[in-house]
Amino acid sequence: MAEHRTERGNWNSRLGFVLAAAGSAVGLGNIWGFPTQVADNGGASFILIYLICCLVVGLPVMIAEFTIGRHTRRNPVGAFKKLGSGWFPPLIGLWGVMCGVMILSFYLVVAGWTFGYVFEEIFYFAGLTAASEWVADLGNGFKNALFAVLFMAATIAIITGGVSNGIERATKTMMPILIVVLVIMIIYVFTLQGSMDGLRLYLLPDFTAINTNLVFSALGQAFFSLSLGMGALLTYGSYLKKNQNIVESAVYVTLADVGIAFLAGLLIIPAMFVAQYSGITIMGEDGRLFASTTLVFDVLPNLFKSMGGAFGLLFGTSFFILLSMAALTSTISLLEVPVSYIIDEHKVPRKKAAIGVGGVVMIFAIIVALNISLIDVLVTIFNNVGLPLGGLMLCVFLAWFWKSENAMDEIRHGYDNMDQGLFPKIWPFFVTYICPLLIAVVLGTTLYNLLS
Ligand code: TRP
């Protein structure tokens with residue numbers, strides 16, 4: 001069947017690509033993960049180290065993914081196979097596809113929680129207490145599975161629409177709304193009592209909090225938040241036209257991701273202190289802020305409820321709609337990886353591939369929904385180890401198999417005056433030495449800590 005060639009779409013516009021890639025990057029990792037990590041790791045000092053990780057490791061790896069994708073116009077498995085021979089290249093791609101499937105299977109459950117909370121807020125403010133409590137129960141396996149399946153259905157529907165009609169159009173609409181809602185909420189929270197205490201914790205660095213653990217969490221967070229290490233952005237790069245500047249696009253995507261994470265922290269950390277002001281507990285016995293699940297699904301809804309009336313309803317529903325939208329543009333990119341693999345390598349039409357792969361991942365997600373404790377295990381194996389390992393293999397492959405000069409030839413398309421700038425002097429050095437070395441150190445330490 002030759003038609004799969006014509007089925008490989010393209011982004012319609014430059015902005016469309018940047019927004020789609022930014023939509024992939026911006027997700028639960030930014031709005032939920034980042035503020036939690038900041039709260040856990042001494043506030044502003046974490047932000048500082050995180051920024052360095054994004055610039056020194058994240059950005060160069062992102063450029064590498066876009067470049068390999070656009071050059072080969074393939075899914076991750078096909079891409080590495082095309083550029084190298086032997087068993088190693090396809091293995092990098094397969095590892096990515098597997099990480100994508102596994103990450104998606106728990107990401108869907110958490111995304112389902114956020115989606116469910118839209119209804120929790122509506123039910124609560126409508127006075128339907130029993131219904132609201134039913135949705136709020138994160139331990140209810142049936143309900144978890146139901147919302148994960150709904151979320152997956154939405155993801156499949158968009159993916160089925162293809163690259164420009166489905167993914168590009170959906171993210172182009174959702175990203176701007178997300179930023180506007182976020183900014184309005186921040187402004188409102190700043191008018192409330194207690195918010196300035198949060199702002200202080202968020203912006204004043206405590207340098208004594210910087211230790212090796214913090215650096216490792218920051219690097220892991222950078223990988224996850226920027227959607228790197230498993231070929232998601234490589235796949236998005238494969239739909240790029242030759243006249244788009246890869247480096248510039250990667251800079252925009254990184255800035256958007258870091259910027260939105262920063263905004264999310266600006267909302268959530270002050271909001272927690274506002275909540276504390278109205279008598280809600282936000283710290284454990286050890287004086288540390290509550291993390292992840294408690295933070296987003298307990299403290300914040302309580303804050304919305306304490307606002308009461310129309311305001312509470314408006315903020316509560318907008319926040320969880322926002323979080324669901326951010327998650328949706330990320331699940332799209334996670335599913336697109338195995339789907340593009342099936343389309344390219346097994347010549348299956350897009351719709352069939354999306355439904356087939358989506359159906360299989362849905363079964364995994366149901367298993368996770370019924371066994372919530374699996375989430376921690378999956379995060380450890382596929383995020384903390386899987387993504388950096390993928391990133392490491394990608395750098396090693398690019399530098400020692402494909403060669404960075406060949407990558408530079410690809411990047412030159414759409415970047416006319418590249419050779420006059422600093423880029424050709426810096427980037428090859430980073431992908432060849434700095435990034436692999438740093439990732440290897442992080443990975444080594446993570447494994448060492450896991451095993452000891
Ligand atoms: N970056 C997204 C977030 O911050 C999650 C995500 C989407 C992702 N696609 C990915 C993470 C690919 C790793 C790899 O929530």
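Whatever order the structure lists them in is the order used to number ligands and atoms, beginning at 1.
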Under 4.0 Å from ligand 1 - residues by heavy atom, chain and number: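 The 4.0 Å shell around ligand 1 contains S24, A25, G27, L28, G29, N30, Y107, F224, S225, S227, M230, A232, S330, S333, L334, L387.
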Would you please classify the geometry between the [Y] ring and the [X] ring as parallel, tilted or perpendicular, with 30° and 60° separating the classes?
X    : Y    : answer
Y202 : F34  : perpendicular
F66  : F17  : perpendicular
F151 : F115 : perpendicular

Check: V77 main-chain N/O paired with Y341 side-chain donor or acceptor under 3.5 Å: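 Answer holds: no.
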Check: F80 main-chain N/O paired with W402 side-chain donor or acceptor under 3.5 Å: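 No.
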4.5 Å side-chain heavy-atom contact, F423 and M408: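 In short, these two side chains touch, coming nearer than 4.5 Å.
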